[in-house]
Asks: 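This is the structure I want to talk about, given as structure tokens.
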Amino acid sequence: MTTLTTQPQPQPQPGSGPHGVAEARGLFDREILGRALVDAFKKLDPRVQIRNPVMFVVLVGTVVTFIEAIAHPGIFDWSITIWLFLTVIFANFAEAMAEGRGKAQADTLRKMRSETEARRLRPDGTEERVAASALAKEDLVVCEAGDLIPSDGEIVEGIASVDESAITGESAPVIRESGGDRSAVTGGTKVLSDRIVVRITAERGHTFLDRMITLVEGANRQKTPNEIALTILLAVLTIVFLPVVVSLQPFAHFSGTTVSVVILVSLLVCLIPTTIGALLSAIGIAGMDRLVQRNVLAMSGRAVEAAGDVQTLLLDKTGTITLGNRMASAFYPAGGHSEEELADAAQLASLADETPEGRSIVVLAKERFAIRERDLGEDHSFVPFSATTRMSGLDMDGRHIRKGAADSVRRWVEEQGGTSPEGLNEIVERLSRAGSTPLVVADGTRILGVIELKDVVKQGIRDKFDEMRQMGIRTVMITGDNPLTAAAIAQEAGVDDYLAEATPEAKMALIRTEQEGGKLVAMTGDGTNDAPALAQADVGVAMNTGTTAAKEAGNMVDLDSNPTKLIDVVEIGKQLLITRGSLTTFSIANDIAKYFAIIPALFATLYEPRPGVPGPLNALNIMKLHSPQSAVLSAVIFNALVIVALIPLALRGVRFRAASSAAILRRNVWIYGVGGIVVPFIFIKLIDLILVALHAY
């Protein structure tokens, strides 16, 4: 007697491995903090500082006040000098913190790049052991169970199970085999079974692991176009404020007094956009780091920035919008038979079917009618699926149960002397029009009904598309299905448009049409046939399991090979742009507030008609700061401390919410614009009160 228990098999969860490149670290990890503090002082090198015009001006101002403090010693001059120096250090610390997270991840990857021996094949077929670093492009190496793959390559012979957790963090091994789209292997991954021959495809020092180290470390990061434009704007604002501050000296001289160089330098530092100047680089680096945390490697900051401006998303149907496997969703009885009778026979015919579709039929029958254990007896045999018959099933106790394509099962029943019941054709046609796959079930000469196999749309994907639509992003589903099936799934998923029976040429044409309309386009792909479209798209996300051609064509690589990740990439790009815009708004609003807070306090006493009688500028001195010196020092202290306060926001990013550009702009203006004006008034006054309480002034 044979008893079969229908239990669904547990599936490994993506990203469950503990050793991936995206291993999570706390925002203020002790190791990163220590390294960032040291790097903050190393960055005082003028050759480094000059890349940031705003902070370079602050550094020069610090040197000037230091010289003045030595020439004319005083508490005020030394206090200003110390706080200006701290302003530069805090700015360097913000950038070093962002870089430190990448350097920590790069150190982990370097441990994987240990000197490995490779078994290189000679032309005569014999093997020789050489160092992995000695391998050249086109060399052939042999890898067996337990071996580390020495460098990037493509399998030219064999099939093997490979552990890629060191790269992707995915604990479940993957199958790699010669030919097709799953032949690419990455240096540093481990062969778990069988034997493969790999052709090396990477030049020395240019492997995927080398590129990962360079990218996550960010040592040679190039500024993005928007970042360069903003840097130029900040430099222009700095240049504009320079003559404004210098012109204060003639006004003071006209009033019969002088303004010290230390005060003029302090005013310049407070009025130029030091806050965003200090955090600009950190925001860009942190944006790429957030991608790495999602196991996505961006080949450049330009790609991340472009993701934030994307207006059209091209998404594969299979695996992105749908689960990828057609699953049993309903039983439709025919010929007067009951649904339970149909489910019972369908489950029996599927017990030996290990495909996802077959397992889903077993599970659906179990869930609908609690059919769990089947006693098949001794005399039974399973009929495997054949491309010729297009059916599978079970023979037991004189019963012959079959499930398969409608025309095949009908023909088989007719050969047994049976006929098709009324209404069967209508059920099959209705399911086909809806984009589902109908499987007909027969028991001998009787057709019991139809199983609906449906490519199930992922839960929550429609809400995601609604969010994209709110942000003005158009979603287009790409599928090889016929237009009828594509239309049905597109309507259920809620995409804006679809491209059916897609070919590489059709994808390219669609991308170019969108780009000619002034839109930025993002897409995912994994095959060689996707490479042209990935190269044409503004944001091309290649799957790590894909071909070398696809990974080289795209400007991002998803280590998890999850097509849905494209939506996350767009959200991270949006968050980067929103964070940069929010902190720029806050910084400029700060400068406006500091201007009206300091200037009246500094000159209020200069224009008094006589001592003790309020002058015309006194009405503008709304904060009633204690003295001109305390006003300037309070502003300088606030200017330094606000950088530290905003470092977590720069690294984490402003919270992303799906909304239109107009809504995001209004939110920024109210929170970071109005807030940027109010906050300096509150805290400069508070610092002034503390200084007075300490009897500093």
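A quick note: this is a predicted structure, and the numbers were derived from the prediction, not measured.
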Asks: Can you check side chain to side chain contact (heavy atoms under 4.5 Å, CB included) on K574 and I473, steps first, answer last?
Replies: CA-CA 11 Å; K574 291 279 186 187; I473 297 175; 4.0 Å; yes
Asks: Closest heavy-atom contact between G676 and A593?
Replies: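 Closest approach of G676 to A593, heavy atoms only: O-CB, 4.2 Å.
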Asks: Under the side chain to side chain contact (heavy atoms under 4.5 Å, CB included) criterion, do L44 and F85 qualify, and how do the steps go?
Replies: CA-CA 10 Å; L44 289 173; F85 177 74; 3.9 Å; yes
Asks: Does a side-chain N-to-carboxylate-O contact under 4.0 Å join K594 and D591?
Replies: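 Result for this pair is yes, salt bridge flagged.
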Asks: Do V539 and N555 touch side chain to side chain, with heavy atoms closer than 4.5 Å?
Replies: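 Heavy-atom side-chain distance check passes, below 4.5 Å.
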Asks: Under 3.5 Å, is there a donor-acceptor pair between the side chain of T87 and the main chain of W83?
Replies: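 At least one qualifying donor-acceptor pair exists.
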Asks: I'd like to check T231 versus P53 (side-chain heavy atoms, cut-off strictly below 4.5 Å). Are they in contact?
Replies: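 Yes, at least one pair of side-chain atoms sits under 4.5 Å.
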Asks: Shortest non-hydrogen contact from I677 to P680?
Replies: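 Heavy atoms only, the tightest pair is O-CD, 3.4 Å.
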Asks: Quick check: do V261 and H72 have side-chain heavy atoms less than 4.5 Å from each other?
Replies: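 Contact flag for V261/H72 side chains = no.
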Asks: When the side chains of residues 305-313 are checked against the rest of the protein, which donor-acceptor pairs come out under 3.5 Å, sequence neighbours left out?
Replies:
| unit_1 | atom_1 | unit_2 | atom_2 | d |
| --- | --- | --- | --- | --- |
| E305 | OE1 | T224 | OG1 | 3.3 |
| E305 | OE1 | N226 | N | 3.2 |
| E305 | OE2 | T224 | OG1 | 2.4 |
| E305 | OE2 | R580 | NH1 | 2.7 |
| E305 | OE2 | R580 | NH2 | 3.4 |
| Q311 | OE1 | L520 | N | 3.4 |
| T312 | OG1 | E514 | OE1 | 2.9 |

Asks: Would you call V495 and L315 a side-chain contact if the rule is heavy atoms closer than 4.5 Å?
Replies: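 When only atoms from C-beta onward are counted, L315 and V495 do not touch, as no gap falls below 4.5 Å.
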Asks: Under a 3.5 Å distance rule, please check whether T475 uses its side chain to pair with a backbone N or O of D496 as donor and acceptor.
Replies: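 It does hold such a pair.
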Asks: For residues I276 and P273, report the shortest heavy-atom separation together with the two atoms involved.
Replies: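 In terms of heavy atoms, the two residues are closest at CG2-O, 3.7 Å.
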Asks: First locate atom CG of N92, then atom NZ of K42, and finally report the distance between them rounded to the nearest 0.5 Å.
Replies: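 Between atom CG of N92 and atom NZ of K42 there are 12.5 Å.
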Asks: Got a donor-acceptor contact below 3.5 angstrom from the D538 side chain to the V521 backbone?
Replies: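 Checked: pair present.
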Asks: Given 3.5 Å as the limit, does a donor-acceptor pair link the side chain of Q515 with the main chain of Q536, or not?
Replies: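 Yes, because the side chain of Q515 sits within donor-acceptor range (under 3.5 Å) of the backbone of Q536.
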Asks: For T274 and I643, which heavy atoms make the closest approach, and how far apart are they?
Replies: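 Taking T274 first and I643 second, the nearest heavy atoms are O-CD1, 4.4 Å.
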Asks: Set out, in order, the CA-CA distance, both residues' side-chain angles and the distance that settles side chain to side chain contact (heavy atoms under 4.5 Å, CB included) for D568 and E571, then state yes or no.
Replies: CA-CA 5 Å; D568 294 335; E571 290 182 352; 4.2 Å; yes
Asks: Is there side-chain contact between L33 and F93, with at least one heavy-atom pair below 4.5 Å?
Replies: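 A side-chain contact exists here, since the closest heavy-atom pair is under 4.5 Å.
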Asks: Counting C-beta onward and ignoring hydrogens, is there a side-chain heavy-atom pair between I263 and F76 closer than 4.5 Å?
Replies: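 Counting from C-beta outward, I263 and F76 do come under 4.5 Å.
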Asks: Once rounded to the nearest 0.5 Å, what's the spacing between atom CD1 of I671 and atom CZ of F586?
Replies: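 With rounding to 0.5 Å, CD1 (I671) is 12.0 Å from CZ (F586).
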Asks: Please report the C-alpha distance between T65 and D77 in whole Å, then the side-chain angles of each, then the deciding distance to 0.1 Å, and finally whether the side chain to side chain contact (heavy atoms under 4.5 Å, CB included) criterion is met.
Replies: CA-CA 7 Å; T65 59; D77 289 1; over 6 Å; no
Asks: Can you confirm whether V636 sits close enough to L84 that some side-chain heavy atom of one is under 4.5 Å from a side-chain heavy atom of the other?
Replies: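 Result yes, sub-4.5 Å side-chain heavy-atom pair found.
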Asks: How far does OG1 of T524 sit from CE of M556, to the nearest 0.5 angstrom?
Replies: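 Going from OG1 on T524 over to CE on M556, the span is 12.5 Å.
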Asks: Any chance you could measure F683, atom CZ, to I690, atom CD1, to the nearest 0.5 Å?
Replies: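 Separation between the atoms: 10.0 Å.
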Asks: How far does CG of N639 sit from OG of S634, to the nearest 0.5 angstrom?
Replies: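 Output value for this atom pair is 12.0 Å.
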Asks: If you draw a 6.0 Å radius around CD1 in I50, do more than 12 non-hydrogen atoms from other residues or ligands fall strictly inside?
Replies: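 No, CD1 of I50 has 12 or fewer neighbouring heavy atoms, counting only those of other groups under 6.0 Å.
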Asks: Please give me the minimum heavy-atom distance between S266 and V632, naming the atom from each residue.
Replies: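 That closest heavy-atom pairing would be CB-CG1, 3.3 Å.
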Asks: Is there a side-chain contact between L237 and I272 (heavy atoms, below 4.5 Å)?
Replies: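 SC-SC contact between L237 and I272 ruled out.
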Asks: Indicate the atoms forming the closest heavy-atom contact of R462 with G494, along with that distance.
Replies: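 For R462 versus G494, the nearest heavy atoms are NH1-N, 3.4 Å.
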Asks: Working to the nearest 0.5 angstrom, can you tell me the gap between D466 CG and I461 CD1?
Replies: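 Rounded to the nearest 0.5 Å, the CG-CD1 separation comes to 10.5 Å.
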Asks: Quickly, which of R47, K43, Q49 forms a side chain to side chain contact (heavy atoms under 4.5 Å, CB included) with D45? Name it, please.
Replies: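 The option that passes is R47.
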Asks: For the side chain of N52 and the backbone of G277, is there at least one donor-acceptor N/O pair under 3.5 Å apart?
Replies: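 Pair found, side chain donor or acceptor close to backbone of G277.
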Asks: Do the side chain of R290 and the main chain of L651 share a donor and acceptor less than 3.5 angstrom apart?
Replies: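 Confirmed, R290 side chain pairs with L651 backbone.
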Asks: Do the ring planes of W78 and F66 sit parallel (below 30°), tilted (30 to 60°) or perpendicular (above 60°)?
Replies: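 Geometry flag for F66 against W78: perpendicular rings.
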